[in-house]
Each structure stands twice: as structure tokens, then as C-alpha cells.
Amino acid sequence: MPELPEVEVTRRSIERPLAGAVVRAAVMGKPLRWPLGCDPASLTGRAVGSVMRRGKYLWLVLGPRPGMPQDDAGGLLLHLGMSGSLGFHPASTPPPPPGPHDHFDLLTTQGTLRLHDPRRFGAVVWSAGLDQAPASTLLQRLGPEPFDPSLTPERFHARLQQRRTAIKNVLLSGDAVVGAGNIYACEALFQSGIDPRVRADRISRPRAARLLQAVRDTLARATALGGSTLRDFRDAHGMNGEFQAEAAVYGREAQPCTRCGAAIRRIVQGQRATYLCPACQKR
DNA sequence: CGGGACGCCTGTGAGC
DNA sequence: TGCTCACAGGCGTCCC
């Protein structure tokens, strides 16, 4: 489900309500992708700091336990996987009892942060720091952030030159730029007029520049619209995303291209659906 | 090493 | 109606 825009929308929706909160308890339900990595009780008493995002991961800063030195601090690395979402329930209106797909509750003085994830591909993992395992191990393989100014068209092009596989798969792998999942990779390739099957190392510099711009435009636009709600994505306050109504190719097989009217095609790459306009997107 | 397939898990919708 | 199957927004791991 969640690609970078949905994760960023989620981050923004929880940072305000959690600012200044202190953890009262943490409750782990069914196992997620990885174990929590600590005793949930050891989270109690910690102050919640900022909420950061790296790629599609969220990092929830937690201070030291009361009476403990600063190096007792750490945080929770969260991932929403394919079907995860976070809900925030203010202290004034406590959450209902956890349902069968509610797998983690962080109860704080200001409300409860709850992870809902039917498929359980998501994760909540304790780490003593972003630069320490396990967080550092998980984050180290990520490529540059799409809105990092130091990711220039030249650098992006140089990274594409190192990959001999289809550009769509390179975007999904996140090693030239993170954040585009299946929807936004398809949309950015459409916007830049590039056939998803083109080998990454065959993309010229000007086209790479256009693709990077398209990735940025697509992710920014989707974030501004609250993400895409295809089935059940909501922000932490239950708000739908609206981007899906603007998708030019994703999920539109056999429908007319919004630009040229040709029928949108669905193909499979790396066992995942790719949507493209056979007329607008060139090899 | 790069590239590609697999598997984690559950829900939904299409087709029979 | 009820069953089976394909498919779904991610990504770490394993094998070639």
C-alpha cells in the first residue's frame, strides 16, 4: 500500500499529536515482519521526540527512561509494508479494543498510536539509534531521498548508468532514488514519456533529468493530495488520499490515455503489474 | 557483483 | 451461493 507519499502523509498526521507525549505502555499483538527487539515494557516512561521519515520508513524518536542517562535513548523504526496504516486516538477518545489486524499500540499521555496491518508485512523495531543496528542495517541500502537537493540530474543519471535492468524495476528497487513504489513509478514513467521496459543504462542524460523531475512532481503532487487510497489507506486521523483519481496509467488497463487516447496497457515486470501508454512512452 | 524469483500474510473480486 | 484462483500499494533473502 504505502509508498513515500502515504508514509509522509502519515508522518505529518502523527508528529503534531505526539509532540510532547510520554509513553505509558506498549502492547504488541501478532508478530510482524520482524520482532520488536525489546521488551515492550522498556518503552514506558520515554518521551516521544520527533517523527522522521527515511524512504518508506518512519523513525519515532524516544528519549531515555526516567533516571537513565542520555545513551538509553533510541526509537522505533516503523514500516507500513503493503497494507499497514497508523491511527492516532487522542486521550479524550480512547481507541476501541484492538481488532484482529491491530498489532501494535503505543499508549501515551496524549493518545494511542495504533498500527493496523492485515497482511503483516509491516514492522515496528526498536533501535538504539538510526546509526545503530538494526535500524542502520535496514536503512543503509536505501538510495537518495527524492527531494534531497544533492541528488542532481547528473548523479541520478550516473546511478542509472550502473543498472542494466528495466528502468521500472530500478525505480522500484530504490537505489537510484527512494520513494516510488508501483503506482508512482508507473506514473512518473508516463509523465516523462519513457517506456518502463527500457534498460536503465540506455537512458540519456536529458531523459534521466526529465524522469527525476517526474518522480519529484508525482511524489509531491500525491503527498499534497494526501496520498492514494486504493483500498483502505488513511492517514492517522482517518482521512482518505485523493491522488488515485489523478492516476494517468495505474490501474487503467484498456482505458484511453488521457493524453493521446490510445488504450493503456498492462504488462508484468518482475512479477508486478506495470501500466503504460504504448503510444506516449518511448523506448 | 547484479539480476531475478520467492516468500512473508490476508483480503477481495472475478470467474466458474 | 460457494469455491478456487489471481492479484494487491514492499522488500529482505536466496540462488544463479
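The sequence lines fix the lettering, A, B, ..., with proteins before strands; numbering per chain opens at 1.
Using a 4.0 Å heavy-atom cutoff across all strands shown, R266(A) reaches sugar-phosphate atoms only and no base atom. Y57(A) comes within 4.0 angstrom of sugar-phosphate atoms only, judged by non-hydrogen atoms across all strands, and of no base.
Rounding to whole angstrom units, NE2 of residue H116(A) and C1' of dC9(B) are separated by 13 Å. Rounded to whole Å, the distance from CG on L58(A) to C1' on dG10(C) is 14 Å. Separating the CE atom of M82(A) from the P atom of dT12(B) is a distance of 15 Å, rounded to the nearest angstrom. When rounded to the nearest whole Å, the span between CG of L80(A) and P of dG10(C) equals 11 Å. The interatomic distance linking L230(A) (CG) with dT12(B) (C1') rounds to 13 Å, in whole Å. Following rounding to the nearest Å, L78(A) (CG) and dC11(C) (P) show an atom-to-atom distance of 14 Å. In this structure, CG of D117(A) is placed 13 Å from P of dC11(C), rounded to the nearest angstrom. The distance from atom CD of E3(A) to atom C1' of dG10(C) is 9 Å, rounded to the nearest whole Å.
Pairs engaging residues 273-283 of chain A under the side-chain hydrogen bond (donor to acceptor under 3.5 Å, both in side chains) rule: K168(A)-T274(A), Q269(A)-T274(A) [sequence neighbours left out]. The ring pair (Phe, Tyr, Trp, His ring centres under 6.0 Å) analysis of residues 78-98 of chain A, with sequence neighbours excluded, yields the pairs Y57(A)-H79(A).
By the salt bridge (Lys or Arg N to Asp or Glu O under 4.0 Å) test, R65(A) pairs with D72(A), sequence neighbours left out. Taking the salt bridge (Lys or Arg N to Asp or Glu O under 4.0 Å) definition, one finds that E154(A) meets it with R205(A), sequence neighbours left out. Under the salt bridge (Lys or Arg N to Asp or Glu O under 4.0 Å) criterion, R12(A) pairs with E8(A), not counting sequence neighbours. Remark: R221(A) pairs with L225(A), F243(A), E246(A) by the side chain to side chain contact (heavy atoms under 4.5 Å, CB included) rule, at least two apart or across chains. For H101(A), the side chain to side chain donor-acceptor pair (under 3.5 Å) criterion is met by no residue, not counting sequence neighbours. Residues satisfying the salt bridge (Lys or Arg N to Asp or Glu O under 4.0 Å) test with D201(A), not counting sequence neighbours, are R199(A).
Around the CE atom of M239(A), the shell of radius 6.0 Å holds no more than 12 heavy atoms that belong to other residues, nucleotides or ligands.
Between dC9(B) and dC14(C), the distance separating the two P atoms is 16 Å to the nearest Å. Taking atom P in both dC6(B) and dA6(C), one finds a spacing of 14 Å when rounded to whole Å. Across dG11(B) and dG12(C), the matching C1' atoms stand 23 Å from one another, rounded to whole Å.
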Going through the checks in order, is the side chain to side chain contact (heavy atoms under 4.5 Å, CB included) test met by V178(A) and R54(A)?
CA-CA 9 Å; V178(A) 295; R54(A) 174 75 176 97; 3.9 Å; yes

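Stem list for DNA chain C (at least 3 consecutive Watson-Crick or G-U pairs, distances under 3.5 Å): B:2-8 with C:10-16, B:10-16 with C:2-8.
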Ignoring hydrogens and angles, write down the donor-acceptor pairs under 3.5 Å from the side chains of residues 14-40 of chain A, residues two or more places apart or on other chains.
residue : atom : partner : partner atom : Å
E15(A)  : OE1  : R11(A)  : NH1          : 3.0
D39(A)  : OD1  : A41(A)  : N            : 3.0

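Side-chain nitrogen and oxygen atoms of Y184(A) include none within less than 4.0 Å of the OP1 or OP2 phosphate oxygen of dG9(C). OP1 or OP2 of dA8(C) has not a single side-chain nitrogen or oxygen of Y250(A) nearer than 4.0 Å. Distances shown here put a side-chain N or O of R272(A) below 4.0 Å from the OP1 or OP2 atom of dG10(C). Within the structure, a side-chain polar atom (N or O) of H101(A) is placed less than 4.0 Å from OP1 or OP2 of dG11(B). For H79(A) and dG10(C), the shortest distance from a side-chain N or O to OP1 or OP2 is not below 4.0 Å.
From E187(A), atom CD reaches atom CD1 of I183(A) across 8.0 Å, with rounding to the nearest 0.5 Å.
Taking 4.5 Å as the limit, some side-chain heavy atom of P96(A) sits within range of a side-chain heavy atom of R114(A).
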Let me have a per-nucleotide readout for nucleotides 1-8 of chain B, 5' to 3', with B, S or -, counting only protein heavy atoms under 4.0 Å.
--SSBBBB

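When distances run from any side-chain atom of K56(A) to the nucleotides dT10(B), dG10(C), dG12(C), the shortest one goes to dG10(C).
Proximity of residues 128-146 of chain A to DNA chain B (heavy atom under 4.0 angstrom from any strand atom) is not detected for any residue.
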